[in-house]
Engineer: 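My structure is below; once you've seen it, I'll send some questions.
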Amino acid sequence: EYGVSVFNTDPRQGIAYLVANEIIGDTDTERAQFLLKNRDISNVKIGEYLGDVKNSKVLHCFMQEFDFKTMKLVDALRLVFCSGVFVLPK
């Protein structure tokens with residue numbers, strides 16, 4: 001899909017394209033769900049997008065998609081940071 005290709009080049013423009021073309025809704029929750037569920041998006045670009053302070057609400061919604069209730073802290077951290085869901089920006 002073209003929107004994913006744009007996101008993988010420039011996450012901010014990719015999200016703008018996806019919202020403008022009504023591929024995703026214009027809520028932080030819908031953006032987070034799209035990032036989490038779309039397997040064609042670069043994990044590095046997801047990290048870049050979520051690491052931008054302007055997208056902190058999307059990051060919050062993204063993290064709420066995980067169920068950490070029954071997990072130990074170390075296991076929860078491994079799930080997020082070692083599973084390849086996203087790569088932390090440098």
Engineer: For Asp52 and Lys54, indicate whether the former's side chain and the latter's backbone hold a donor-acceptor pair under 3.5 Å.
Structural biologist: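 Flag set: sc Asp52 to bb Lys54 pair under 3.5 Å.
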Engineer: Can you name the nearest heavy-atom pair linking Leu50 to Leu35, along with the distance?
Structural biologist: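 In terms of heavy atoms, the two residues are closest at CD2-CD1, 4.0 Å.
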Engineer: Could you check Gln33 against Leu36 for side chain to side chain contact (heavy atoms under 4.5 Å, CB included), going step by step and ending with a plain yes or no?
Structural biologist: CA-CA 5 Å; Gln33 290 171 345; Leu36 190 59; 5.8 Å; no
Engineer: Kindly compute the distance separating CD (Glu1) from CZ (Phe7), expressed to the nearest 0.5 Å.
Structural biologist: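 Nearest 0.5 Å value for the CD-CZ distance: 12.5 Å.
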Engineer: Tell me whether Asn55 contacts the main-chain N or O of Val58 through its side chain, where contact means a donor paired with an acceptor under 3.5 Å.
Structural biologist: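 No, because the side chain of Asn55 does not come within donor-acceptor range (under 3.5 Å) of the backbone of Val58.
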Engineer: Looking only at heavy atoms, which two atoms of Glu48 and Pro11 are closest? And how far apart?
Structural biologist: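 Looking at all heavy atoms of both residues, the closest pair is OE2-CD, 3.6 Å.
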Engineer: Donor-acceptor pair, Asn21 side chain versus Tyr17 backbone, under 3.5 Å?
Structural biologist: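 Yes: the side chain of Asn21 pairs with the backbone of Tyr17.
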Engineer: What's the spacing between Tyr49 OH and Asp10 CG if we round to 0.5 Å?
Structural biologist: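 It is 11.0 Å, given to the nearest 0.5 Å.
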Engineer: Would a single hydrophobic cluster contain both Val74 and Leu79, if residues Ile, Leu, Val, Met, Phe, Trp and Tyr are joined by side-chain heavy-atom contacts under 4.5 Å?
Structural biologist: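 Not linked; separate clusters.
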Engineer: Could you give the distance from CG (Asp40) to CG (Asn8), rounded to the nearest 0.5 Å?
Structural biologist: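 So the gap between those two atoms works out to 8.0 Å.
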Engineer: Does some side-chain heavy atom of Arg31 sit less than 4.5 Å from a side-chain heavy atom of Val19?
Structural biologist: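 Heavy-atom side-chain distance check passes, below 4.5 Å.
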Engineer: Rounded at 0.5 Å granularity, tell me how far CD1 in Ile24 sits from OG1 in Thr29.
Structural biologist: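 Taking CD1 in Ile24 and OG1 in Thr29, the distance rounds to 11.5 Å.
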Engineer: Would you say Leu77 and Phe68 make side-chain contact, with heavy atoms under 4.5 Å?
Structural biologist: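 Side-chain contact under 4.5 Å: no.
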Engineer: What distance separates Glu30 CD from Leu18 CG, expressed to the nearest 0.5 Å?
Structural biologist: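 Between Glu30 CD and Leu18 CG, I get 11.5 Å after rounding to 0.5 Å.
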Engineer: When rounded to the nearest 0.5 angstrom, what is the spacing between CG in Leu59 and CD1 in Ile46?
Structural biologist: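 Leu59 CG to Ile46 CD1: 12.0 Å, rounded to 0.5 Å.
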Engineer: Please confirm whether the backbone N or O of His60 pairs with a side-chain atom of Asp28, one donor and one acceptor, at under 3.5 Å?
Structural biologist: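 Checked: no pair found.
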